[in-house]
Amino acid sequence: MYAGAGMWDKAKQVRETMSALGIKKIPGIVNVTVKSFNETTPKARWVANNTDHKEYSLIEKTLMNMFALLKNNGYVVDRRWLLQESDNPDECFHSEMLAIAWALVNSPTHTAIFLSKNLRICGNCHEASKLVSVLYGRDIYARDANRHHHFSDGKCSCGGYW
Ligand SMILES: [Zn+2]
Ligand SMILES: [Zn+2]
């Protein structure tokens with residue numbers, strides 16, 4: 001809009017703010033797998049708002065239960081991140097959350113979860129992953145566009161810098 005009106009400085013500023021928040025036009029895609037003992041079990045690929053996935057209603061229900069548990073344990077959604085992929089004003093339905101819910105459904109307790117994402121992980125999903133690691137007893141290994149994260153026991157190996 002600013003660019004169209006010839007207000008280049010303003011447009012540049014908006015673009016910089018958007019990229020600082022991780023807002024991009026390409027959709028977030030997460031590949032997920034779960035590993036139990038020395039065997040690698042099912043894999044899935046999640047795109048934000050992937051409602052036509054065959055397990056979607058189960059995953060959505062799991063995700064809502066998961067968010068309720070997280071909120072009881074201090075999780076608060078920061079709305080500044082929500083523009084990135086999801087249109088839901090109240091929840092972070094980003095692909096990594098769908099992927100984690102899928103992994104919770106498809107693997108036994110304490111199974112580690114492995115994710116790789118084409119974009120930078122958002123602040124809400126980062127916070128949620130820390131809480132899932134402690135509340136569900138799951139180690140989560142995530143590779144995003146910038147770096148590796150290992151969520152374990154309520155903390156991330158990146159120390160909050162990514
Ligand atoms: Zn998110
Ligand atoms: Zn991290």
Side-chain angles (χ1 to χ4, degrees), residues 14-35 43-53 55-107 109-162:
V14 170
R15 264 202 310 276
E16 281 167 5
T17 306
M18 286 173 75
S19 82
L21 288 171
I23 298 167
K24 301 212 173 79
K25 290 212 173 84
I26 46 172
I29 299 169
V30 169
N31 291 304
V32 56
T33 185
V34 285
K35 200 179 253 182
K43 288 180 173 57
R45 164 171 282 221
W46 282 94
V47 180
N49 297 330
N50 190 9
T51 51
D52 49 4
H53 191 281
E55 286 180 302
Y56 189 79
S57 60
L58 176 60
I59 302 300
E60 186 183 35
K61 207 168 135 223
T62 305
L63 197 51
M64 296 319 286
N65 290 337
M66 189 183 99
F67 281 135
L69 179 66
L70 300 188
K71 282 175 182 171
N72 284 338
N73 286 278
Y75 172 69
V76 180
V77 173
D78 179 342
R79 299 186 63 164
R80 286 176 301 169
W81 292 98
L82 294 181
L83 288 170
Q84 187 180 347
E85 296 159 29
S86 161
D87 298 323
N88 188 315
D90 299 316
E91 303 289 0
C92 227
F93 264 62
H94 288 154
S95 38
E96 52 269 55
M97 294 292 97
L98 292 162
I100 287 172
W102 173 89
L104 293 177
V105 167
N106 284 286
S107 62
T109 327
H110 301 307
T111 309
I113 301 169
F114 297 81
L115 308 172
S116 65
K117 174 159 188 170
N118 63 333
L119 305 176
R120 182 185 173 214
I121 189 169
C122 103
N124 290 324
C125 292
H126 193 270
E127 198 55 32
S129 301
K130 285 185 351 194
L131 284 164
V132 167
S133 74
V134 66
L135 296 171
Y136 289 85
R138 299 282 190 138
D139 274 26
I140 302 170
Y141 298 84
R143 175 86 182 92
D144 76 4
N146 287 11
R147 60 173 298 158
H148 285 284
H149 303 264
H150 175 199
F151 302 94
S152 185
D153 213 16
K155 298 187 211 60
C156 183
S157 59
C158 77
Y161 297 96
W162 79 95

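Just so you know, residue 1 is the first one in the sequence shown, and it goes up from there. Indexing begins at 1, ligand by ligand and atom by atom, following the structure's order.
In this structure the side chain of Ser129 reaches within 4.5 angstrom of the side chain of Met97, judged on heavy atoms. Under the 4.5 Å side-chain criterion, counting only non-hydrogen atoms from C-beta, Arg45 is in contact with Ile29. When side chains are defined from C-beta on, Leu98 does not count as touching Trp102, because their heavy atoms never get closer than 4.5 Å.
With the Zn ion (ligand 2) as the vertex, NE2 (His126) and SG (Cys156) define an angle of 110°, rounded to 10°. With the Zn ion (ligand 1) as the vertex, atom SG of Cys125 and atom SG of Cys122 span an angle of 120° (nearest 10 degrees).
For a distance bound of 2.8 Å, the N, O or S atoms of His149 include one lying that close to the Zn ion (ligand 2).
Closest to the Zn ion (ligand 1) among the N, O or S atoms of His94 is ND1.
Note: Leu70 CG to Asn124 CG = 11.0 Å, rounded to the nearest 0.5 Å.
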